[in-house]
Amino acid sequence: GGPSERRAFLDDLLVDLDPRLHATRTEFERVLRQRNTLLRGSGGQLNGGVGDSLDIWDIKLVEVGETLAAARRRLVSGLSPLVDEQLGGLSDGRSNASLAYEESWSGSGLAAALYEARRNDLQRGTTTVGPHRDEVNIILDGLGARYYSSQGEQRSLALAMRLAGHHLITKHTGVDPVVLLDDVFSELDDYRSTALVTLLPKTQAILTSAGHLPSGVVADHRYQIIAGRVESQ
């Protein structure tokens with residue numbers, strides 16, 4: 001998918017790890033909406049106090065935006081080796097995966113980047129730099145997984161990221177989240193399906209599948225949907 005899905009994945013994990021970051025995420029989205037509303041209503045001009053208003057919203061956006069981006073960078077740093085580890089478990093120990101957080105602004109800082117992009121923002125009526133434009137690059141064997149990995153490799157990477165996130169939450173909070181896997185085996189071969197079962201947390205796991213479950217699944221309860229009815233087996 002697009003970068004917004006990877007940003008949402010990070011932000012959801014951040015809130016699970018530290019619920020206080022929910023307020024930061026919400027405030028950033030509010031400030032961004034207000035700034036974009038001002039840009040759209042400016043007609044591409046700085047007259048009528050638009051510049052002064054932008055100065056105010058830029059200060060607010062920098063404050064919460066840099067906090068959010070810094071939290072994402074720390075998360076990606078901790079998540080990257082875990083993703084490689086989980087992918088190795090899904091791939092017979094062969095893995096060379098990493099994550100990298102790529103900001104949409106230069107090293108001069110978000111405040112300078114917003115000022116430099118102001119004319120472009122006015123013309124386009126939207127904020128073109130900030131955490132809402134950042135990307136999470138997923139690298140496999142030195143290449144961007146989004147463009148150079150097979151469908152099976154991408155599927156395995158997505159699973160590795162989810163499992164890595166689960167391990168991170170468990171380690172930092174002491175709470176094991178419930179794992180929901182929806183027809184996850186349909187795009188995995190037999191080896192990866194069985195490997196995934198061994199990687200699942202040894203806690204509650206709810207699996208749904210339209211086909212047969214792989215070897216290694218010991219179910220406490222089985223239910224089957226027949227003609228719209230859920231029947232216990």
> Just how far is it from atom CG of Leu61 to atom CZ of Arg30, taken to the nearest 0.5 Å?
Replying inline: 11.0 Å
>> Taking the side chain as everything from C-beta on, heavy atoms only, tell me whether Val62 gets closer than 4.5 Å to Leu114.
In response: yes
>> Quick one, Glu103 with Glu66, criterion side chain to side chain contact (heavy atoms under 4.5 Å, CB included). Give me CA distance, side-chain angles, the key distance, then yes/no.
In response: CA-CA 10 Å; Glu103 295 173 343; Glu66 290 193 336; over 6 Å; no
> Between Glu102 and Val136, does a side chain to side chain contact (heavy atoms under 4.5 Å, CB included) hold up when you go through it step by step?
Replying inline: CA-CA 6 Å; Glu102 182 179 330; Val136 183; over 6 Å; no
>> Looking at every non-hydrogen atom in both residues, tell me the closest pair between Ala69 and Trp105 and how far apart they are.
In response: CB-CH2, 3.7 Å
> At their closest point, which heavy atom of Arg133 faces which heavy atom of Thr128, and how far apart are they?
Replying inline: CG-O, 3.5 Å
> Any chance CD1 of Ile226 has more than 12 other-residue heavy atoms, nucleotides or ligands included, within less than 6.0 Å?
Replying inline: yes
> Which is it for Tyr148 and Leu140 under the side chain to side chain contact (heavy atoms under 4.5 Å, CB included) test, yes or no, and what are the steps along the way?
Replying inline: CA-CA 8 Å; Tyr148 296 102; Leu140 182 62; over 6 Å; no
> Atom CZ of Arg6 and atom CG of Asp134: how far apart are they, to the nearest 0.5 Å?
Replying inline: 12.0 Å
> If every non-hydrogen atom of Val217 is compared with every non-hydrogen atom of Arg222, which pair is closest and at what distance?
Replying inline: O-NH2, 4.3 Å
> Which heavy atom in Gly65 sits nearest to a heavy atom in Pro131, and how many Å separate them?
Replying inline: O-CG, 3.3 Å
> If you draw a 6.0 Å radius around CD in Glu63, do more than 12 non-hydrogen atoms from other residues or ligands fall strictly inside?
Replying inline: no
> Any donor-acceptor pair under 3.5 Å linking the side chain of Ser80 with the backbone of Val76?
Replying inline: no
>> For Asp12, is there an ion pair with Arg7 - N to carboxylate O distance below 4.0 angstrom?
In response: no
>> Checking side-chain polar atoms at under 3.5 Å, does Thr127 have a donor or acceptor matched by the opposite partner on Asn36?
In response: yes
>> Working to the nearest 0.5 angstrom, can you tell me the gap between Ser95 OG and Asp84 CG?
In response: 3.5 Å
>> If I take atom OG from residue Ser232 and atom NE2 from residue His221, how far apart are they, to the nearest 0.5 angstrom?
In response: 8.0 Å
> Mind checking whether Thr173 and Val175 have side chains closer than 4.5 Å, heavy atoms only?
Replying inline: yes
> Do Leu110 and Asp58 have side chains that get closer than 4.5 Å, going by heavy atoms?
Replying inline: no
> In Å and rounded to the nearest 0.5 Å, what is the CD1 to OG distance from Ile139 to Ser98?
Replying inline: 5.5 Å
> Any ion pair linking Asp176 and Lys202 (charged N to carboxylate O, less than 4.0 Å)?
Replying inline: no
> Side-chain donor-acceptor pair under 3.5 Å between Tyr101 and Arg73, yes or no?
Replying inline: no
>> Taking atom CG as the centre, does Asn47 end up with more than 12 heavy-atom neighbours from other residues, nucleotides or ligands that are less than 6.0 angstrom away?
In response: yes
> Where do Asp121 and Glu116 land on the side chain to side chain contact (heavy atoms under 4.5 Å, CB included) test, with the steps shown first?
Replying inline: CA-CA 9 Å; Asp121 289 356; Glu116 292 170 3; over 6 Å; no
> About how many Å separate NE2 of His132 and OG of Ser104, when rounded to the nearest 0.5 Å?
Replying inline: 6.5 Å
> Quick check: does any side chain N or O of Ser42 sit under 3.5 Å from a backbone N or O of Leu39, one acting as donor and the other as acceptor?
Replying inline: yes
>> Less than 4.5 Å apart, side chain to side chain, heavy atoms only: is that true for Gln45 and Val50?
In response: no
>> Using a 6.0 Å cut-off, check whether atom OH of Tyr115 has over 12 heavy atoms from anything other than its own residue.
In response: no
> Are there more than 12 heavy atoms of other residues, nucleotides or ligands under 6.0 Å from atom CD of Glu231?
Replying inline: yes
>> Looking at every non-hydrogen atom in both residues, tell me the closest pair between Pro201 and Val179 and how far apart they are.
In response: CG-CG2, 3.9 Å
Please tabulate, for side-chain N and O atoms in residues 159-167, each donor-acceptor pair with protein atoms closer than 3.5 Å (sequence neighbours left out).
{"from": "His166", "atom 1": "NE2", "to": "Pro177", "atom 2": "O", "distance (Å)": "3.3"}

>> Whether the side chain of Glu153 engages the backbone of Ala145 through a donor-acceptor N/O pair (distance < 3.5 Å, no angle test) should be reported.
In response: no
> Same cluster for Leu13 and Ile138 if Ile/Leu/Val/Met/Phe/Trp/Tyr side chains link at under 4.5 Å?
Replying inline: yes
>> Hydrophobic clusters here meaning ILVMFWY residues chained together by side-chain heavy-atom distances under 4.5 Å, can you tell me if Leu196 and Leu87 are in one?
In response: no
>> Any side-chain to backbone donor/acceptor pair from Arg35 onto Lys60? Under 3.5 Å, distance only.
In response: no
> Between Leu90 and Arg192, which heavy-atom pair has the shortest distance, and what is it?
Replying inline: O-CG, 3.3 Å
Quiz: residues 14-22 side-chain donor-acceptor pairs under 3.5 angstrom, not counting sequence neighbours:
{"from": "Asp18", "atom 1": "OD1", "to": "Arg20", "atom 2": "N", "distance (Å)": "3.2"}
{"from": "Asp18", "atom 1": "OD1", "to": "Arg20", "atom 2": "NE", "distance (Å)": "3.0"}
{"from": "Asp18", "atom 1": "OD2", "to": "Arg20", "atom 2": "NH2", "distance (Å)": "3.2"}

